[in-house]
Amino acid sequence: MSELTLTVMRLGFLAVLWLFVIVAVQVIRSDLFGTRVTQRAGRAQPRQAPQQAAQQAPQRDRGRRASRGAPTKLVITEGSLTGTTVSLQGQTITLGRAHDSTIVLDDDYASSRHARIYPDQSGRWIVEDLGSTNGTYLDRTRLTTPQPLAPGTPIRIGKTVIELRK
């Protein structure tokens, strides 16, 4: 084996060793200090021409009238985020430990992408488990398929309980 080949192998091994040390330090740091939770402002809507905005206003109002009496918020009733309320505005709500989830759960029994709650075409809200390890429970029943969510029915993810309310 030539001297050049041996030197390149030594430098490659040294680079891999340093990469391992850096990754180990990052893992220890995230375990000690946790993940950074950032506050998100409302998403900005692109500006529209006045004609387009005027045409879309009746459609938006029709959607609101059709959903009167429908649930308007998610409330966390048990767990570390007790009392937190998230308003429902027709968008998908993701639940989990990942920092980009809509509701970030600080729960040892929650997966990073644990579950999601979304509206269907008829205006009902659906809860779906996203292949979590410990499962999502809808009123003491483990979810295996997406299920419609009735107001007041508890959703349990680990130690966290969430309810859909009007």
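Numbers here are sequence positions counted from 1. The model shown is predicted, which means the values in this text are computed figures rather than measured ones.
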Any donor-acceptor pair under 3.5 Å from Thr7 side chain to Glu3 backbone: yes
CA sep, side-chain torsions, deciding dist, call: Val127, Leu143, side-chain contact (heavy atoms from CB on, under 4.5 Å): CA-CA 9 Å; Val127 62; Leu143 290 177; 3.7 Å; yes
Side chain Thr94, main chain Thr102, donor-acceptor under 3.5 Å: yes
Minimum heavy-atom distance Pro119-Gln91, with the two atoms named: CD-O, 4.0 Å
Backbone of Ala24 reached by a side-chain donor or acceptor of Gln26 within 3.5 Å: no
Single-linkage hydrophobic cluster, 4.5 Å side-chain cutoff, Ile103 and Val161 together: no
Heavy-atom closest pair, residues Arg113 and Ala98: NH1-CB, 2.9 Å
Min side-chain heavy-atom separation Ile162-Val75 under 4.5 Å: no
Modelled atom types, side-chain donor and acceptor of Asn134 and Ser132, under 3.5 Å: no
Straight-line distance of Ile155 CD1 to Tyr137 OH, nearest 0.5 Å: 14.5 Å
Heavy-atom side-chain contact between Ile117 and Thr92 under 4.5 Å: no
Ser80 and its side-chain contact (heavy atoms from CB on, under 4.5 Å) partner, picked from Leu105, Asp107, Asp106: Asp106
Close side-chain approach of Thr136 and His114, heavy atoms under 4.5 Å: yes
Residue pair Thr141, Asp139: steps toward the side chain to side chain donor-acceptor pair (under 3.5 Å) verdict: CA-CA 6 Å; Thr141 304; Asp139 199 21; over 6 Å; no
Interatomic spacing from CZ in Arg156 to CZ in Arg140 - rounded to 0.5 Å: 8.5 Å
Any Arg116 side-chain heavy atom under 4.5 Å of Leu130 side chain: yes
Heavy atoms from other residues, nucleotides or ligands near OH of Tyr118 exceed 12 (cutoff 6.0 Å): yes
Spacing of CG belonging to Leu149 relative to CD1 belonging to Ile126, to within rounding of 0.5 Å: 8.0 Å
Val104 backbone acceptor or donor facing Ser101 side chain under 3.5 Å: no
Cluster check Val21, Leu14: I/L/V/M/F/W/Y, side chain < 4.5 angstrom: yes
Rounded distance (nearest 0.5 Å) linking atom CG of Asp100 with atom OG of Ser112: 9.0 Å
Residue pair Leu88 / Leu164, side-chain heavy-atom distance below 4.5 Å: yes
Option among Leu74, Thr77, Thr72 that satisfies the side-chain contact (heavy atoms from CB on, under 4.5 Å) test with Arg165: Thr77
pair Ile76-Thr160: side-chain heavy atoms closer than 4.5 Å: yes
Side-chain touch Asp129/Thr144, heavy atoms, less than 4.5 angstrom: no
Point-to-point distance, once rounded to the nearest 0.5 Å, from NZ of Lys73 to CD of Glu163: 11.0 Å
